[in-house]
Amino acid sequence: MSLLSDLINLNLSESSENIIAEYIWVGGSGMDLRSKARTLPGAVDEPAKLPKWNYDGSSTDQAPGDDSEVILYPQAIFKDPFRRGNNILVICDVYTPAGEPLPTNKRYDAAKIFSHPDVVAEVPWYGIEQEYTLLQKDVNWPLGWPLGGFPGPQGPYYCGVGADKAYGRDIVDAHYKACVYAGINISGINGEVMPGQWEFQVGPSVGISAGDEVWAARYILERITELAGAIVSFDPKPIPGDWNGAGAHTNYSTKSMREEGGYEVIKKAIEKLGLRHKEHIAAYGKGNERRLTGKHETADINTFSWGVANRGSSVRVGRDTEKQGKGYFEDRRPASNMDPYVVTSMIAETTILWKP
């Protein structure tokens, strides 16, 4: 008699050419990931070859009950680390039956910005540092923390090693390997300053692919914590008080910034970001005012600043970039619950397309 684990790990290619495609989309809150699976007659390697699909938008807060059909447009394909074989994960965006993007479809506007000839010519690179907090399932309290109590103060946990410093490493490492398997351009992981908090980095990724890869990595993380019986929180300040918040620092460069004389281009881009500080803050994640206090390696939400190697500024430039006169910079303002399509495209729009 087969065990449940045997059936879950069945190799479909031994008996069928069919594959399973898991269609993934963002629900009505802007952060709730949804997915459902369908059988396809064979392997698929391009989104354009996948069929569109539909779902009940009234159950995801994206459509009324009397006109509930929402259409899924496949946009990016990743290998499925859960089913493996030729099975795939499919990142989709969402439209009405008439082909109009839903208000929650942030990819649509981002794709327009990234397809602009001036943006295409600059080949924008992104490296996104996605922080998150692992919580105990039934109590919504950080993993490894005593119930109703607190661990020792911050200090030993950042990149820490040991059972009294690193909580949830099995989840983190499983996620890392699953993302590599899926074909996501994940570049690293580390334990963060608050115990139970971790970070993974996606990039360098070009243009719209940065958003696709971050959403795919978030989906895989949600699935792994589901298997582990834990909760992943993207709240920018999950624990009030003297504890670090969670951000999504966004590293950015253009072709002009990466070439000789790029440091001057970087400084002009940062100046533009400062002029649109309020607009960016409004789009950089909900609850960010609880995180951007001027403490715990953040700048105050109401003030724009930049500096070299300064983690207390809104935008940080690395020592290597200053020394070499070219490179990239880091926008430290985005919250952990930001939409990567919104943040990446807005940075490109402000620094490349916007004329003050």
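What you see below is based on every heavy atom in this structure, not just the backbone, and it leaves out hydrogens, waters and symmetry mates.
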Rounded distance (nearest 0.5 Å) linking atom [atom1] of [X] with atom [atom2] of [Y]:
| X | Y | atom1 | atom2 | answer |
| --- | --- | --- | --- | --- |
| Thr250 | Gln130 | OG1 | CD | 9.0 Å |
| Asn87 | Ile19 | CG | CD1 | 6.0 Å |
| Lys112 | Glu349 | NZ | CD | 10.5 Å |
| Thr39 | Asn18 | OG1 | CG | 6.0 Å |
| Met338 | Met31 | CE | CE | 9.5 Å |
| Lys106 | Met346 | NZ | CE | 11.5 Å |

Do [X] and [Y] have side-chain N/O donor and acceptor atoms under 3.5 Å apart?
| X | Y | value |
| --- | --- | --- |
| His296 | Asp242 | yes |
| Asn11 | Arg84 | no |
| Thr350 | His280 | yes |

Which label fits [X] and [Y]: parallel for a plane angle under 30°, tilted from 30 to 60°, or perpendicular past 60°?
| X | Y | answer |
| --- | --- | --- |
| Tyr132 | Phe200 | tilted |
| Trp145 | Trp243 | tilted |
| Tyr252 | Tyr126 | tilted |

Keeping to residues at least two apart or across chains, list the salt bridge (charged side-chain N to carboxylate O under 4.0 Å, His left out) pairs with something in residues 324-338.
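Checked against salt bridge (charged side-chain N to carboxylate O under 4.0 Å, His left out) - neighbours excluded - the pairs reaching residues 324-338 are Glu260-Lys326, Arg316-Glu330, Glu330-Arg332, Asp331-Arg333.
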What pairs of residues pass the salt bridge (charged side-chain N to carboxylate O under 4.0 Å, His left out) test when at least one of them lies in residues 171-190, not counting sequence neighbours?
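Sorted result for residues 171-190: Asp173-Lys177.
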Check whether Val317 and Tyr328 end up in the same hydrophobic cluster, where Ile, Leu, Val, Met, Phe, Trp and Tyr are linked by side-chain heavy atoms less than 4.5 Å apart.
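Each belongs to a different hydrophobic cluster.
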Is Val94 reachable from Val26 through a run of I, L, V, M, F, W or Y residues, each pair having side-chain heavy atoms under 4.5 Å apart?
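Different clusters: Val26 never reaches Val94 through Ile, Leu, Val, Met, Phe, Trp or Tyr contacts under 4.5 Å.
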Atom CG of Asn244 with >12 non-hydrogen neighbours under 6.0 angstrom
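Enclosed: over 12 neighbouring heavy atoms sit under 6.0 Å from CG of Asn244.
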Should we count CD of Glu279 as having more than 12 external heavy atoms under 6.0 Å?
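It does: Glu279 CD has more than 12 such atoms within range.
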Closest non-hydrogen atom pair, [X] against [Y]:
| X | Y | result |
| --- | --- | --- |
| Pro334 | Asn288 | C-ND2, 4.2 Å |
| Ala269 | Phe329 | CB-CE2, 4.1 Å |
| Ser205 | Ser209 | CB-OG, 3.8 Å |
| Cys92 | Pro74 | SG-CA, 3.9 Å |
| Lys272 | Thr351 | NZ-O, 3.5 Å |
| Pro146 | Pro151 | CD-N, 4.0 Å |

With the threshold set at 4.0 Å, does a side-chain nitrogen-carboxylate oxygen contact exist between [X] and [Y]?
| X | Y | answer |
| --- | --- | --- |
| Asp320 | Lys323 | no |
| Asp212 | Arg107 | yes |
| Arg319 | Glu322 | yes |

Verify side chain to side chain donor-acceptor pair (under 3.5 Å) between Asp93 and Gln75, making sure each step is shown before the conclusion.
CA-CA 7 Å; Asp93 59 357; Gln75 298 291 0; 2.9 Å; yes
Is the gap between the ring centers of Tyr157 and Trp198 under 6.0 Å?
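No, the ring centres sit 6.0 Å or more apart.
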Show your working on side chain to side chain donor-acceptor pair (under 3.5 Å) between Gln201 and Asn190 and close with a plain yes or no.
CA-CA 9 Å; Gln201 301 96 32; Asn190 60 267; 2.9 Å; yes
Option from Trp25, Tyr23, Tyr95 for which ring-ring contact (aromatic ring centres under 6.0 Å, His included) with Trp53 holds:
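So, applying the ring-ring contact (aromatic ring centres under 6.0 Å, His included) to Trp53 and each of Trp25, Tyr23, Tyr95, only Tyr23 qualifies.
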Tabulate below the donor-acceptor pairs under 3.5 Å that side-chain atoms of residues 219-233 make, not counting sequence neighbours, or state none.
{"residue": "Tyr219", "atom": "OH", "partner": "Ser35", "partner atom": "OG", "Å": "3.1"}
{"residue": "Tyr219", "atom": "OH", "partner": "Arg223", "partner atom": "NH1", "Å": "2.8"}
{"residue": "Thr225", "atom": "OG1", "partner": "Leu221", "partner atom": "O", "Å": "3.0"}
{"residue": "Thr225", "atom": "OG1", "partner": "Glu222", "partner atom": "O", "Å": "2.9"}
{"residue": "Ser233", "atom": "OG", "partner": "Asp235", "partner atom": "N", "Å": "3.1"}

Given 3.5 Å as the limit, does a donor-acceptor pair link the side chain of Thr96 with the main chain of Glu100, or not?
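Yes, because the side chain of Thr96 sits within donor-acceptor range (under 3.5 Å) of the backbone of Glu100.
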